[in-house]
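Remember, it's a predicted structure, so these values are computed and weren't measured experimentally. All chains are named by letter (A, B, ...) in the order of the sequence lines, taking the proteins before the strands, and each is independently numbered beginning at 1.
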Protein chains: 2
Amino acid sequence: MLKTLDTRISSLAKSEVDIRLEPLEKNPKAKPKSISEGPCATCSAHNQAICSGLKDHEMAEFARNIRTRLVKTGQSVYREFEEAKYVYSVVSGEIRLANLLDDGRRQITSFKSAGEVIGEQKKGYYQSDAEAVCDTVVCQIPIKALDKYHKEMPSIQSALSEKVLDELHELRHHAILLGRKTPIEKIATFLVDRARKIGDDTGNKVEVKLTMGRNDIADFLGLTIETVSRTITKLRKMGVLDVPSNHLILIKDLEWLENLAEGEK
Amino acid sequence: MLKTLDTRISSLAKSEVDIRLEPLEKNPKAKPKSISEGPCATCSAHNQAICSGLKDHEMAEFARNIRTRLVKTGQSVYREFEEAKYVYSVVSGEIRLANLLDDGRRQITSFKSAGEVIGEQKKGYYQSDAEAVCDTVVCQIPIKALDKYHKEMPSIQSALSEKVLDELHELRHHAILLGRKTPIEKIATFLVDRARKIGDDTGNKVEVKLTMGRNDIADFLGLTIETVSRTITKLRKMGVLDVPSNHLILIKDLEWLENLAEGEK
DNA sequence: CGCTGAATTGATAGAATTCAAGTTCTGTGG
DNA sequence: CCACAGAACTTGAATTCTATCAATTCAGCG
């Protein structure tokens with residue numbers, strides 16, 4: 001296991017360009033008196049993030065410890081077996097969590113977008129690879145700081161627990177999908193979930209923007225890229241949806257798609 | 001969703017016989033002064049359970065709130081969508097956690113044995129069906145009591161968090177298995193995991209006792225019962241293992257099986 | 001000793017993967 | 001703005017698996 005880790009880390013060292021957006025002030029030791037001076041001031045994900053329950057003075061303390069970081073498309077935030085020093089809150093963009101088999105087969109277990117937390121660890125090591133599906137901004141929170149918050153800001157702790165339980169719930173449902181659903185049901189479920197997540201709703205029609213490519217969808221649903229393609233085509237010919245462009249799906253009959261997702265005929 | 005719940009609960013009402021092992025003393029209000037009088041006194045799972053870190057006086061308090069409950073083969077401890085009032089620690093036997101699709105397809109997400117915790121909830125409702133694979137004893141812990149312990153017995157809280165993280169880790173790996181592994185890899189992984197769990201180890205040979213039937217294995221691995229059977233037969237003919245009886249697998253070459261589990265030819 | 005449910009085995013059909021083109025999309029540079 | 005190259009996606013044909021359906025064997029039990 002460790003050998004595998006070493007091998008993978010070294011083989012990735014070249015591409016591992018670490019781009020960080022440091023806080024605005026010149027001198028990083030000049031602690032901001034309020035969040036209006038730090039990256040939290042303009043955080044678009046604040047409402048959905050684990051810091052949403054914090055009071056003003058707590059928020060200031062929180063802001064002192066975090067850094068935002070831009071992760072460009074395809075770059076990794078962290079890798080499986082790497083020592084876990086941070087958890088991350090996704091600010092914008094999208095992250096894929098993936099696990100690999102030795103021969104390269106890949107399973108994506110989750111896509112995480114604004115407000116969601118990544119960085120779950122086991123015994124101090126990350127459990128998955130976390131990579132940016134598209135240009136993504138994450139908020140980097142030192143685990144040490146979290147330990148401190150544990151007593152001072154219980155809302156952080158409970159928000160985190162909540163996120164972990166959400167993830168469990170999500171994974172359970174993904175297990176049914178992977179183990180028991182047909183390709184049509186898988187694609188339908190995936191699109192319905194996206195539609196609900198984005199919620200760009202107009203009655204029974206929904207426009208779903210896909211940040212990820214067919215390959216990621218395939219590795220998420222346990223299919224090949226060809227089957228993903230064929231299945232989307234099939235749904236298009238059935239009249240359930242349209243595909244204006246590769247990264248855009250127009251669901252024409254959401255209810256129908258929901259039924260397909262649950263395997264009704 | 002609620003309709004589904006009602007339907008399922010009523011259809012199961014008949015078989016839902018709730019067998020409880022009340023504490024030994026006649027009067028349940030007579031609180032035991034020490035655990036020597038309660039069910040915790042003889043608990044065989046104590047070392048692995050969430051209560052293992054408790055001090056004597058904490059243990060006494062803990063013991064006051066719990067009840068043990070015998071769940072016979074096939075009976076359920078709780079069901080998906082049911083209001084979550086307890087978490088359970090498995091004392092002996094084995095529990096399967098399962099989720100169903102409307103048409104009856106089933107995915108088992110986990111088998112839980114002594115020391116493990118079940119009862120994860122989302123917004124107050126259980127996330128899965130929990131059923132006894134064989135005659136099983138569980139320790140029933142009111143969630144209300146847990147909330148109280150939160151402050152008084154932090155070791156419980158941290159042990160619980162640990163269990164939840166373990167479950168996440170387990171589910172992630174199960175996702176790879178379901179989405180990307182072949183039947184042989186699935187069966188091999190399953191048996192290797194069992195071998196590690198039970199650890200009845202004698203060098204490269206291990207005897208694995210299976211509490212569950214082929215159907216449960218199939219629904220756990222996302223296969224049909226026939227494929228499970230054929231795959232085990234194939235492994236037997238390859239010389240990797242023997243099958244002395246339906247519920248017993250003798251792994252003759254654990255290393256080989258481990259390689260098969262990871263997909264090495 | 002026969003009964004019942006579980007497991008295995010066999011034959012077949014269906015479905016998804018694989019392999020192989022072909023097509024469309026996207027971003028870049030002229 | 002267009003042409004071009006590479007990547008991403010779609011489509012087609014063949015193959016390989018796995019699920020399905022059906023029959024048989026096996027094991028535990030009254």
Side-chain angles (χ1 to χ4, degrees), chain A residues 72-74 96 101 103-108 133-135 177-188 190-191 208-238 241-249 260 263 265, chain B residues 73-74 96 101 103-107 133-135 177-188 190-191 208-238 241-249 260 263 265:
Chain A
K72 293 214 236 172
T73 304
R96 60 172 176 250
L101 291 177
D103 60 8
R105 278 175 289 176
R106 184 177 69 147
Q107 179 64 50
I108 293 177
V133 170
C134 54
D135 286 2
L177 178 144
L178 290 172
R180 288 300 181 212
K181 288 196 174 180
T182 65
I184 281 209
E185 290 162 6
K186 285 178 175 182
I187 296 283
F190 173 69
L191 291 176
V208 177
K209 186 132 186 281
L210 299 178
T211 51
M212 74 293 292
R214 299 288 187 269
N215 236 310
D216 285 347
I217 298 176
D219 283 345
F220 182 58
L221 300 179
L223 301 169
T224 61
I225 182 176
E226 293 95 333
T227 302
V228 169
S229 184
R230 273 186 253 269
T231 306
I232 290 177
T233 299
K234 190 182 291 180
L235 289 170
R236 184 169 52 74
K237 290 184 175 168
M238 286 166 70
L241 50 79
D242 262 339
V243 188
S245 86
N246 277 343
H247 289 272
L248 198 60
I249 303 276
L260 288 172
K265 191 167 52 316
Chain B
T73 304
R96 61 174 176 248
L101 291 176
D103 61 7
R105 280 175 287 176
R106 183 177 68 149
Q107 179 64 51
V133 170
C134 54
D135 286 1
L177 177 144
L178 290 173
R180 288 302 181 211
K181 289 195 173 182
T182 65
I184 281 208
E185 289 163 6
K186 285 178 174 181
I187 295 283
F190 172 69
L191 291 175
V208 176
K209 186 132 186 277
L210 300 177
T211 50
M212 74 291 294
R214 298 289 187 267
N215 236 311
D216 284 347
I217 297 177
D219 283 344
F220 182 57
L221 301 178
L223 300 169
T224 61
I225 182 175
E226 292 95 332
T227 302
V228 169
S229 183
R230 273 187 252 272
T231 305
I232 291 176
T233 300
K234 190 184 289 181
L235 288 169
R236 184 169 54 73
K237 287 184 176 168
M238 286 166 70
L241 50 78
D242 262 340
V243 188
S245 86
N246 277 344
H247 289 271
L248 200 60
I249 303 277
L260 289 172
K265 199 167 37 324

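Nucleotides of DNA chain D with any atom under 4.0 Å from a heavy atom of chain A span, from 5' to 3', D/dC9 to D/dA13. Taking 4.0 Å as the cutoff to heavy atoms of chain A, we find the contact window on DNA chain C bounded by C/dA16 to C/dC25.
For A/Lys186 (side chain) and A/Leu221 (main-chain N/O), a donor-acceptor pair under 3.5 Å exists by modelled atom type. Using modelled atom types, no side-chain atom of A/Glu185 and backbone atom of A/Leu177 make a donor-acceptor pair closer than 3.5 Å.
For the helix from C/dC1-D/dG30 to C/dG30-D/dC1, the angle separating the two terminal helix axes comes to 30°, with each axis derived from five pairs and the value rounded to 10°.
Along DNA chain C, the nucleotide nearest A/Pro183 and the nucleotide nearest A/His247 are compared for position; the residue whose nucleotide lies closer to the 5' end is A/Pro183. Judged by closest nucleotide on DNA chain C, A/Gly222 is the one of A/Asn246 and A/Gly222 placed further toward the 5' end.
Annotation: side chain to side chain donor-acceptor pair (under 3.5 Å) contacts of B/Asn246 (sequence neighbours excluded): none.
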| task | Determine, step by step, whether A/Val208 and A/Phe190 satisfy the side-chain contact (heavy atoms from CB on, under 4.5 Å) criterion, reporting the C-alpha distance in whole Å, the side-chain angles of both residues, the deciding distance to 0.1 Å, and the verdict. | result | CA-CA 11 Å; A/Val208 177; A/Phe190 173 69; over 6 Å; no
| request: Show your reasoning for whether side-chain contact (heavy atoms from CB on, under 4.5 Å) applies to B/Leu248 and B/Val243. | output: CA-CA 6 Å; B/Leu248 200 60; B/Val243 188; over 6 Å; no
| request: In sequence, state the C-alpha distance, the side-chain angles, and the governing distance for A/Asp216 and A/Ile108, and then conclude on side-chain contact (heavy atoms from CB on, under 4.5 Å). | output: CA-CA 7 Å; A/Asp216 285 347; A/Ile108 293 177; 3.8 Å; yes
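Among all heavy-atom pairs drawn from A/Arg180 and B/Leu223, the shortest one is NH2-O, 2.7 Å. Among all heavy-atom pairs drawn from B/Met212 and B/Ile217, the shortest one is CG-CG1, 3.7 Å. Across all non-hydrogen atoms, the minimal contact from B/Gly222 to B/Leu178 is N-CD2, 3.8 Å.
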Return a table of donor-acceptor pairs under 3.5 angstrom between the side chains of residues 225-238 of chain B and protein atoms on other chains or two or more places apart.
unit_1	atom_1	unit_2	atom_2	d
B/Thr227	OG1	B/Thr224	OG1	3.0
B/Thr231	OG1	B/Thr227	O	2.6
B/Thr233	OG1	B/Ser229	O	2.9

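Partner of A/Asp219 under the side-chain hydrogen bond (donor to acceptor under 3.5 Å, both in side chains) criterion, chosen from A/Gln107, A/Arg96, A/Arg106, A/Arg105: A/Arg106.
Residues from residues 228-238 of chain A lying near DNA chain D, meaning a heavy-atom separation below 4.0 Å, are A/Ser229, A/Arg230, A/Thr233, A/Arg236 in numerical order.
Note that OG1 of B/Thr73 is 4.0 Å distant from CG of B/Asp135, once rounded to the nearest 0.5 Å.
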